[in-house]
Structure formats: structure tokens, C-alpha cells
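Counting starts at 1 for both ligands and their atoms, following the listed order. Computation of the quantities below employed the complete heavy-atom set of this structure, encompassing side-chain atoms and omitting hydrogens, waters and symmetry-equivalent molecules. Positions are given from 1, in the same order as the sequence printed here. Note that the structure is predicted; figures quoted are calculated from it, not measured.
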Amino acid sequence: MKGSIDLGVQPRGNAFPKPDGLAGEFFYPLIVGMCDSCAMVQLMADIPQEVRYHDQYPYRASNSTVHSAHFAGVAHRLLRTELTGHDRFIVEIGCNDGVMLASIAEAGVRHLGVEPSQEVAELARSRGIEVLPRFFDEETAAQIRAGYGPADVIFGANVIAHISHLDSVLKGAVTLLGPDGVFVFEEPYLGAVVEQTAFDLFYDEHSFVFSVSSIRAAARLFGLDLVDAEPLAIHGGSMRYTLAKRGARRPTPAVAELLAAERARGLDRHATLEELNRRAERVRDDLTSLLRSLRAEGKRVAGYGAPAKITTVTNYCGIGADLIPYVCDSTPSKQNRVVAGSHIPVVPPSVFRRDRPDYAVLFAWNHAEEIMEKESGFTGRWIVYIPEVRIL
Ligand code: JHZ
């Protein structure tokens with residue numbers, strides 16, 4: 001495996017330190033490579049999971065109305081398809097604040113959220129969800145099977161690609177699933193990252209960015225078949241994968257179609273990542289020169305949204321509070337903190353509305369529609385940088 005994308009020295013995407021807690025910030029080289037044999041796209045560095053997901057992990061999966069509706073929809077679909085019949089059981093890996101399991105709990109279906117980060121686990125519990133405060137691996141899977149019996153569904157969203165011990169997760173899935181059970185997970189999709197030059201999707205939490213072919217290859221190693229793959233719009237372009245025990249289910253035609261499309265697009269080639277690296281460099285150069293010229297003209301620029309992605313883009317581009325004095329975000333656990341490394345202060349959206357800046361860089365670009373609608377009174381202009389730098 002060789003590194004094909006170099007996004008420089010980076011802090012953790014979701015660190016959001018307090019302004020008086022910047023001493024000894026953690027940095028690592030953010031280099032992305034591709035496996036020579038299975039084309040899995042992955043970070044060359046592996047940051048220990050306990051450092052990334054701790055009691056104060058700030059991300060809230062219910063952070064947008066669109067996301068909340070999406071996950072309620074996932075729950076209702078699983079209730080209609082996989083969770084019908086007597087005494088069904090679903091396990092969610094990384095249930096976060098319970099955005100998906102809340103609807104399952106409401107329906108009275110047996111469930112268990114596996115969530116090591118205490119604050120979000122408490123939010124899930126307050127919604128009536130049973131939570132096991134642990135990381136998921138083969139040992140946790142065996143423990144759950146012994147205590148609760150086999151699972152009909154294992155679900156994960158924006159979490160399976162976070163776990164560098166993917167082998168242990170897949171072994172755990174084999175242990176925990178019943179004979180006809182399914183392991184369903186949705187994660188940002190490599191094809192969408194490449195198509196949109198979404199280089200900011202690379203940060204410490206994303207140990208992998210999956211494709212249909214890399215997941216099929218990984219699953220096979222552990223006796224699982226990829227039986228369905230479904231493109232999703234969420235997070236700027238994700239894929240929902242369904243795995244089942246070998247031979248238990250017939251793959252849908254979508255699997256072969258997507259595999260062929262990936263081959264045609266070169267998603268299994270180092271050259272594709274190298275080209276993405278070049279396009280990221282262009283975005284970096286265009287964005288920094290735009291922000292510098294706006295500053296020279298005396299324009300006031302703010303940031304909108306402090307997703308984990310903002311850490312990658314601001315540190316890669318060398319954008320600090322000198323170019324963007326603040327960024328607003330609706331998540332209370334991020335407010336009054338700063339973006340790791342670039343130290344841009346995070347403030348509540350009320351500050352943005354009062355301040356009325358001339359320009360706003362949309363860092364939460366995957367929520368563009370919802371944010372622009374919410375901020376329809378904004379009289380300045382939006383700056384986007386995915387797939388290229390543009391003033392709207
Ligand atoms: P958002 C997340 O990354 C987290 P992030 C995680 N690491 C993952 O794997 C990926 O998704 C895929 C704010 N906001 O959802 C809320 C507003 O301020 O793009 C969030 O902080 N106002 C698990 O962090 C941020 O924007 C709004 O109106 O990149 C969006 O973060 C809305 C809608 C959002 O995820």
C-alpha cells in the first residue's frame with residue numbers, strides 16, 4: 001500500500017478543544033492510501049479508538065432535521081422488512097444519541113445500542129433505548145449473543161468505516177447474526193468523495209472510505225456475502241451495504257451493476273486517488289487566494305457549520321481566525337470551543353445572524369439546502385468549495 005493523498009499534518013477532526021486547552025494538541029500525518037490487493041482506501045495512520053471516541057465525543061447524529069428524518073425512515077424500513085414476526089432483535093453499533101433506535105424502541109422491538117461515548121449514550125438512554133457502553137468487536141459480539149441471543153439485524157451508520165479493526169467487526173457480525181440475519185451499514189462512499197473532490201471527508205475518524213468492491217472483498221474473507229448496495233444522498237453521498245452469511249441470500253442486481261460502474265470509473269486505481277489529490281490542491285489554492293483577497297478588500301467573512309470536515313479543510317489550507325474570525329454551529333457541545341489546529345472560534349448561529357457578514361463559507365456543505373433555507377434572511381453571499389470554489 002502506498003500513500004496517494006497527502007493532506008498534511010492534522011489534529012483530530014472532532015477534537016474541538018477549549019480555547020484555554022490548546023497546549024499539547026495532538027497532530028498526525030493525514031495520508032490516504034489504497035490497498036494493492038483489495039483496493040480498500042484507508043488512512044496510513046491509526047489513532048487509538050479510545051482517543052477518538054470518549055465520554056465527551058461532540059457529534060450528535062440528530063443534528064439536522066434531514067438526518068433525523070433519514071434515520072427514522074431507516075428504522076421504519078427495517079421494521080417493515082427484517083424485523084417483522086415474533087421477538088426480533090436488532091443491535092446498532094455506535095447508536096450515538098439514538099436517532100435511529102428511538103423509532104425501534106417506540107415500536108417495542110428488542111434492541112441494543114452499543115455506544116462507548118458516554119454523553120451521547122445518555123441521550124440515547126433518555127429516549128428509552130437500552131445501551132451497552134462498549135466498543136464493538138468480536139468479544140462484545142460474543143457477549144451480546146450469550147446474553148440476548150442471535151441478532152436479526154446489526155446496523156451501523158457512519159461508524160463501521162471508523163473502526164480500524166474491521167476484521168474483528170466482521171468476525172463479530174458472523175458470531176452475532178442469526179442464520180438469516182443481515183448486517184446493514186451506511187457510510188460515506190468513495191465514488192462520491194472522488195466525484196465531488198470531497199477531500200475533507202478524510203480525517204482521523206474515517207479509518208476507511210469504503211467502496212462496493214472493497215467491502216465485498218473484506219466481507220468474503222470472513223464468510224459474509226455482499227447481498228445489496230444502495231446509493232444514498234446523505235453526507236454528500238453514501239452507500240448502504242447489506243451483508244449476509246455466505247449463501248443465505250441471493251445478491252440483488254445492484255451489486256454487480258455497481259461493481260461494474262466502479263471498475264469503469266477506476267475506483268480501484270491509485271491514479272484515481274492521485275488525481276483527487278491534485279484537485280484538492282487546486283481547491284486549497286483557490287480558497288486561500290479568495291479569502292486573502294476578500295480580507296484585502298476589507299470584507300467580513302464567517303464560517304457556517306463546524307462539521308469534523310472543517311478541521312481537515314482549514315488545517316490543510318492554512319486557514320485560521322485571521323481569514324475566518326468565527327464559525328457558527330448549532331451544536332451546543334461545539335460552541336465556545338475552537339476548531340482543532342486552526343483555532344477558529346465556534347459560536348452559536350445567533351452571533352452569525354447579529355453580525356451579518358458579507359460572506360459565509362459553507363463548511364457543512366452536505367446540509368446546504370437545510371441551512372440556506374434556515375438562513376434565508378442572510379444578505380451576504382455563500383462561498384462553497386466542494387466540488388470547486390464558487391461564490392453563490
Ligand atoms: P455533519 C459526521 O461528520 C460525523 P461531520 C462522523 N464522523 C461521520 O462519520 C460523518 O458525519 C459521516 C451543524 N449544523 O453532519 C451541525 C448547523 O450548525 O456534516 C454539525 O456540527 N446548522 C460520525 O461532523 C455540522 O453542521 C444546521 O442547520 O462532518 C454538520 O455536521 C445544520 C443542518 C447543521 O457531520
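Per-residue contacts place H67 under 4.0 angstrom from the following atoms of ligand 1 (heavy atoms of the residue considered): 15 (O). Under a 4.0 Å criterion applied to the non-hydrogen atoms of A364, ligand 1 contributes the atoms 26 (O). Every atom of ligand 1 is numbered from 1 in the order shown, and the set under 4.0 Å from a heavy atom of K374 is 22 (N), 27 (C), 28 (O).
Using a 3.5 Å distance cut-off with no hydrogens or angles, the side chains of Y385 and D200 do pair a donor with an acceptor.
When side chains are defined from C-beta on, K309 does not count as touching T312, because their heavy atoms never get closer than 4.5 Å. At a threshold of 4.5 Å between non-hydrogen side-chain atoms, the residues D355 and Y326 count as touching.
Between S64 and ligand 1, a contact under 3.5 Å exists for no N or O pair.
One hydrophobic cluster, built from ILVMFWY side chains closer than 4.5 Å, holds both L362 and F378.
None of F363, Y304, W365 except one satisfies the ring-ring contact (aromatic ring centres under 6.0 Å, His included) rule with W382; the exception is Y304.
When non-hydrogen atoms are compared, ligand 1 lies under 4.0 Å from neither the backbone nor the side chain of E187.
Nearest to atom 18 (O) of ligand 1 by heavy atom, out of A306, P58, S330, is S330. Evaluated by nearest non-hydrogen atom to atom 34 (C) of ligand 1, the leading choice among D204, T331, N63, D200 is N63.
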